[in-house]
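One structure is given here, and the rest of the page talks about it.
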There are 2 protein chains.
Amino acid sequence: MDKHTIYHIAERVGVSPSTVSRALSGRGYCGEATKAKILRAAQEMNYAPDNAAKMLKMRQTRKIIFAVPDICNPFYFDMINGINQVLEEHGYLMILFYTKHSLAEELKAIQNLRENVADGMIMVSFNFCEENIRAINALQAPVVLTNQYVSPDGQDKFDYVYVDTYEGIRLGTEHLIGQGIRHLAYVGGSLNEQTGYQRFCGYKEAMQDAGLPLDDRFVAESDYTENGGYLAALNWLNQPDRPEGIVAANDLMAIGVMKACEEAGLRVPEDVAIVGMDNLDLASRVYPKLTSVALLQEEIGRQAALMLMKRLEGRHSAGKGALKLRPRLVVRNSSVRDRQA
Amino acid sequence: MDKHTIYHIAERVGVSPSTVSRALSGRGYCGEATKAKILRAAQEMNYAPDNAAKMLKMRQTRKIIFAVPDICNPFYFDMINGINQVLEEHGYLMILFYTKHSLAEELKAIQNLRENVADGMIMVSFNFCEENIRAINALQAPVVLTNQYVSPDGQDKFDYVYVDTYEGIRLGTEHLIGQGIRHLAYVGGSLNEQTGYQRFCGYKEAMQDAGLPLDDRFVAESDYTENGGYLAALNWLNQPDRPEGIVAANDLMAIGVMKACEEAGLRVPEDVAIVGMDNLDLASRVYPKLTSVALLQEEIGRQAALMLMKRLEGRHSAGKGALKLRPRLVVRNSSVRDRQA
DNA sequence: CTTCTCCCTGCAATCGATTGCAGGGATCTT
DNA sequence: AAGATCCCTGCAATCGATTGCAGGGAGAAG
């Protein structure tokens, strides 16, 4: 039951620790007879190798950090799932790090990498700024981001995998326009942040291309929560010229919008048509079912993990990796007037 | 940018590595002047301590494993959240380990503990059997289970925190009976597994206490998935003496049951009243809103983590810890006939 | 019989931080 | 002035596994 080391095994079998190490790891020469004796002794003594010692000597942890802004958002669980599939195949473990949308926590995650807590990191960040980008670039360990990020100078050392959310919002907006709706509103995230701004552009350009006017009163900067969507919609629905269609930059906000419609006594989609984005499990369960843009989060997780594994295994070491996936519109009842809910 | 060690700092400042270690860790004596010089040098050299070396010498990792059967089930998100709150306060990281409901994977998680990958583990297991119980008992590291588990001999060394799901199902069943429903059905998990059996007993005893007959035809052993609930209900709803009320042992199955009702053209709750258990976020979002028994998963996570922290900090080392939380019924539309959906 | 390989094994250094022990200097006590 | 006390610092061992180097034995080749 006590902790045994290779030294104990060595003593018992009557060989040197190095031989034990070679027998157990399979590296280097080792005679069949001694190897068998060593393996049997290890078995009998219930030997387990010490991870810390291995880490120290081998200079690798076989762990990666997944830094995620918000554990509560179901969006990320699909990513976790995708990442985990790949890690498992490669014999890595996942350390889940919750950054709470805060720069300070992201820097803590980065610090953990500096301390060799893990071999690499996959990060979802809404806080791109000079400070964390510099910190990431200074790392030895590879990092994969899952946001779109346009590097100012093209000098950044990290890879990224992302879905084009500009195109996603554009798809959703064009879908509503295609339903004959001309008076639209948009609720998204902060416009000061790259992702939030790109999504808004998807809306803006779809409107412009259809020759529709853009009204500031019907564009809300919110926070990706259900309540945020609810509040934005509540404001619009009281106006005499309320919108007939609302594009939300994620599903949670779209669900908040639906709730506001319900309270205002408006029917979805007859009075107000709605599209969301993320295509959460939830989207097909709310009433009416929510039309949403699928962002393939599981696939993103898988691809990000694959990219990280490549880096860690030394292949693919030159150049920056970037992979862009295309979103897909999933049409349900919240946006189509001639369907049954 | 290169990796620096305390030896480099020592050389630069002109002291010994031990002094550097003392200055940085704050343990042992160290003069103020030298300490200041050392801290400044560390700062300038961008020094980061090596986690592996620290782990090896200190014999602790400051990580814990959370072994969870199913990453896709939203039930566990809340637990992760609760656990994480406590870990963060104590400066621990979480390694997420996905056991896929498989004994082999649970044993792998245990093996990781034996190899000192983490200092302790919180585990959700539906595979209690002699093999993994023995493996857990043989561990040095503390383990907290979040299932109810009645030890045959009282000799087990692990703690547990759980919600009494027997009482939960009983609450749900009594609620339906209280609505005047006399013809009930129950869909749960395997009866060969402790948790599954206890839940069934909650149903059975509530029925018996109300003087209602128990009919094997209306008890289904399923698998806690939406589809499992769907199939069980489909079978019942075709019968001439279909049940007026269905108790499901979790929300996903309850939602499957609702789907079957919808397809069979039966109204919920007018034709069939339904209660679930878990009180997922989803329960209040489906249509009609699902009455469910809340199992306080976030609180369980928090309590389990607290118990583990106590063990790791050496307090509370004697005796087995057990904490039982009481479930709570949340009444919504799926079970009450005189409400609006 | 000698020489050259080819295996197998042991010695000892190494990864980077921590810590018990002891020595030395400064200050205080009697 | 001698001894006691308190700080500060360095030496060296330690945690447990890995690995380059070299020595030794067996067999093959000449």
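So you know, we letter chains A, B, ... as the sequences are listed, proteins then strands, and number each from 1.
The side chain of A:Arg22 sits closest to C:dT9 out of C:dT18, D:dG10, C:dT9. Taking the side chain of A:Ala53 as heavy atoms from C-beta on, and the options C:dC8, C:dT19, D:dA17, the nearest nucleotide is D:dA17. Checked against D:dG16, C:dG10, C:dT19, the side chain of A:Val15 finds its nearest nucleotide in C:dG10. Relative to the side chain of A:Ser21, the nucleotides C:dA17, C:dT19, D:dT18 differ in distance, and D:dT18 lies closest. Residue A:Arg59 has its side chain nearest to C:dC15 when only C:dA17, C:dC15, D:dG16 are considered. The side chain of B:Lys57 sits closest to C:dG16 out of D:dT19, C:dT9, C:dG16. The side chain of A:Tyr7 lies closest to D:dA17, out of C:dC8, C:dA17, D:dA17.
When rounded to the nearest whole Å, the span between OH of B:Tyr29 and P of D:dC11 equals 21 Å. When rounded to the nearest whole Å, the span between CG of A:Asn116 and P of C:dG16 equals 9 Å. Separating the CG atom of A:Asn51 from the P atom of D:dC15 is a distance of 18 Å, rounded to the nearest angstrom. Rounding to whole angstrom units, CE of residue B:Met58 and P of C:dC15 are separated by 21 Å. One interatomic measurement links the two molecules: CZ of B:Arg114 to P of D:dA17, which rounds to 12 Å at whole-angstrom precision. When rounded to the nearest whole Å, the span between CD1 of B:Ile6 and C1' of C:dT19 equals 11 Å. Rounded to an integer number of Å, the gap from CD of A:Glu32 to P of C:dC6 is 19 Å. In this structure, the NZ atom of B:Lys3 is 18 Å from the C1' atom of C:dT14, given to the nearest Å.
A sub-4.0 Å separation between OP1 or OP2 of D:dT9 and a side-chain N or O of B:Thr34 is present. For C:dG10, the OP1/OP2 oxygens have a side-chain nitrogen or oxygen of A:Ser16 closer than 4.0 Å.
Taking the six-membered ring wherever Trp is involved, the centroid distance between the rings of B:Phe77 and A:Phe77 falls below 6.0 Å.
Partners of A:Pro49 under the side-chain contact (heavy atoms from CB on, under 4.5 Å) rule, at least two apart in sequence or in another chain, are A:Tyr47, A:Lys54, B:Glu115.
Residues B:Leu56 and B:Gly28 each lie close to DNA chain D; by heavy-atom proximity, the contact nearer the 5' end of the strand is made by B:Gly28. Each of A:Arg27 and B:Thr19 was assigned the nucleotide of DNA chain D with the nearest heavy atom; the assignment lying further toward the 5' end belongs to B:Thr19.
Salt bridge annotation for A:Lys100-B:Glu88: present, with a cationic side-chain nitrogen under 4.0 angstrom from a carboxylate oxygen. Using a cut-off of 4.0 Å between Lys/Arg side-chain N and Asp/Glu carboxylate O, A:Asp50 and B:Arg59 are scored as salt-bridged.
Using a 4.5 Å heavy-atom threshold, the side chains of A:Tyr92 and A:Met309 count as touching.
Backbone-only engagement by B:Thr5 is indicated by non-hydrogen atom pairs under 4.0 Å involving sugar-phosphate atoms exclusively.
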